[in-house]
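I have placed the structure first, in the form of structure tokens, so that the comments after it can refer back to it.
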Amino acid sequence: MVYDHELPESRDQQGFAYPAIFLPIIIPFGFIPDLEIATAVWQGLNTSCLILSLYYFQYSSSTQKIPPLFFAATWYFTLLMIFQAQNIGILIAGLSFGYWALTEKKQILGGVISSVLFIKPNLTFLPILVLILYALFNQEIRYLLGIFIGTSTLLIISFLLVGPWIQGWLGILLRYSGYAKITFPIMLLSDCSLPLGGILVSSILIGFVIFRKNLIYLLAWSVPAQIILFPQTPIWSLSILTIPMVVVWMKGQKFPVLIYWFLGWLSLLGNIISPSWWQWQSLTIAILSFGLIIYSSYITNTTLN
């Protein structure tokens, strides 16, 4: 429908670099005959997922109720990804409902929803690992069962659709890095200064230890950690920083969030000033996100409790 003819098998099909477990989610939209309508419905689904998931995320533990549309409509990177028909709303829903499940004891349902996080592992591996380990150490077996049910279902359907795909997908990832903009923040920093890279990694690990018993801060911490420690598509990765923004806002620290929001928009000017700014953008904004979380936890006296 996009190219008006079938692409030959030798050509990468539109640079599709997702694992095949994404196929069961998007194939139903292929039955909508009009491409523009299918895209609009997909964008509507992601917008709905984003708003609904932020509502349940704050519902779990917040006394500072927030209008979810504030974050959905004003954080540049999330807004851009929805406009470009990416799946950011579904990913944020996976994180938000995972947290909601573990705090509201809706573990099986939340685990099934959280399984969608595996469709974008370079962006969500650490957050989903945090949810799984937290459930494991706190004996939340029903949540782990939900993860198993959801992931197994996606895997079985994907194998039925395209057969064994994991080895081929790894090859696609290698080709993807050759034609797409990729930034690897921790390697970029280490290449400039190995000691600074070591300090940043150590600080990230210390943060995981400090927040290990506080799920909401632990999850918020894992999001910028994922951006820094894994290769990313620059703008794409920053869209998920909605999560730490919501966490800090929920804890009553609205003014720091607004400053962070303003700096996120201001960072766009860096691409005009310096052609190489995009390589540093993810690192800089993710580190600022750490600062936001540290400030909030200090003000609210949150450590291991």
I'd like to know if [Y] and [X] are part of one continuous hydrophobic network [Ile/Leu/Val/Met/Phe/Trp/Tyr, side-chain heavy atoms within less than 4.5 Å].
X	Y	value
Val246	Leu258	yes
Ile273	Leu266	no
Ile113	Ile156	no
Leu145	Leu129	no
Ile147	Val112	no

Point-to-point distance, once rounded to the nearest 0.5 Å, from [atom1] of [X] to [atom2] of [Y]:
X	Y	atom1	atom2	result
Thr284	Ile228	OG1	CD1	9.5 Å
Thr151	Ile119	OG1	CD1	11.5 Å
Tyr143	Leu109	OH	CG	11.0 Å
Leu161	Ile27	CG	CD1	4.5 Å
Leu155	Leu160	CG	CG	11.0 Å
Ile128	Leu95	CD1	CG	7.5 Å

Considering all heavy atoms of both residues, which atom of [X] and which atom of [Y] are nearest to each other, and what is their separation?
X	Y	result
Ile182	Pro231	CG2-CB, 4.0 Å
Cys49	Gly89	CB-O, 3.5 Å
Ser282	Pro185	CB-CG, 4.1 Å
Gly94	Val116	CA-CG2, 4.0 Å
Ser267	Phe77	OG-CZ, 3.8 Å
Thr39	Ala85	CG2-CB, 3.9 Å

Given 3.5 Å as the limit, does a donor-acceptor pair link the side chain of [X] with the main chain of [Y], or not?
X	Y	value
Ser297	Ile294	yes
Asn138	Glu140	no
Thr242	Ser239	yes
Gln226	Leu126	yes
Trp221	Ile204	yes
Gln43	Ile82	yes
Asn46	Ile90	yes
Ser296	Ile293	no
Tyr260	Ile285	yes

Problem - Phe148 atom CZ, neighbour heavy-atom count above 12 within 6.0 Å - result: no
Practice task
Give the C-alpha distance, both sets of side-chain angles, the deciding distance and a yes or no for side-chain contact (heavy atoms from CB on, under 4.5 Å) between Val223 and Ser289.
Solution key: CA-CA 9 Å; Val223 171; Ser289 182; over 6 Å; no
Exercise for the section: Classify the angle between the aromatic ring planes of Tyr18 and Phe22 as parallel (below 30°), tilted (30 to 60°) or perpendicular (above 60°). Expected result: tilted
Practice task
Would you please say whether a donor-acceptor pair under 3.5 Å links the side chains of Trp165 and Ser158?
Solution key: yes
So do [Y] and [X] actually touch side chain to side chain, heavy atoms under 4.5 Å?
X	Y	value
Trp277	Gln279	no
Trp236	Lys120	yes
Ile186	Leu200	yes
Phe125	Leu117	no
Leu241	Ile227	yes

Exercise for the section: Would you confirm whether the ring centroid of Phe262 sits within less than 6.0 angstrom of the ring centroid of Trp265? Expected result: no
Handout entry: Intermediate values then yes/no, side-chain contact (heavy atoms from CB on, under 4.5 Å), Cys192 and Trp280
Key = CA-CA 12 Å; Cys192 294; Trp280 293 93; 3.4 Å; yes
Practice task
Would you mind telling me which of Phe211, Tyr295, Tyr99 makes a ring-ring contact (aromatic ring centres under 6.0 Å, His included) with Tyr217?
Solution key: Phe211
Exercise for the section: Could you check Phe208 against Ser222 for side-chain contact (heavy atoms from CB on, under 4.5 Å), going step by step and ending with a plain yes or no? Expected result: CA-CA 8 Å; Phe208 279 118; Ser222 70; 3.9 Å; yes
Practice task
Dump the intermediate steps for side-chain contact (heavy atoms from CB on, under 4.5 Å) on Leu123 and Phe230, then the final yes or no.
Solution key: CA-CA 8 Å; Leu123 191 58; Phe230 288 78; over 6 Å; no
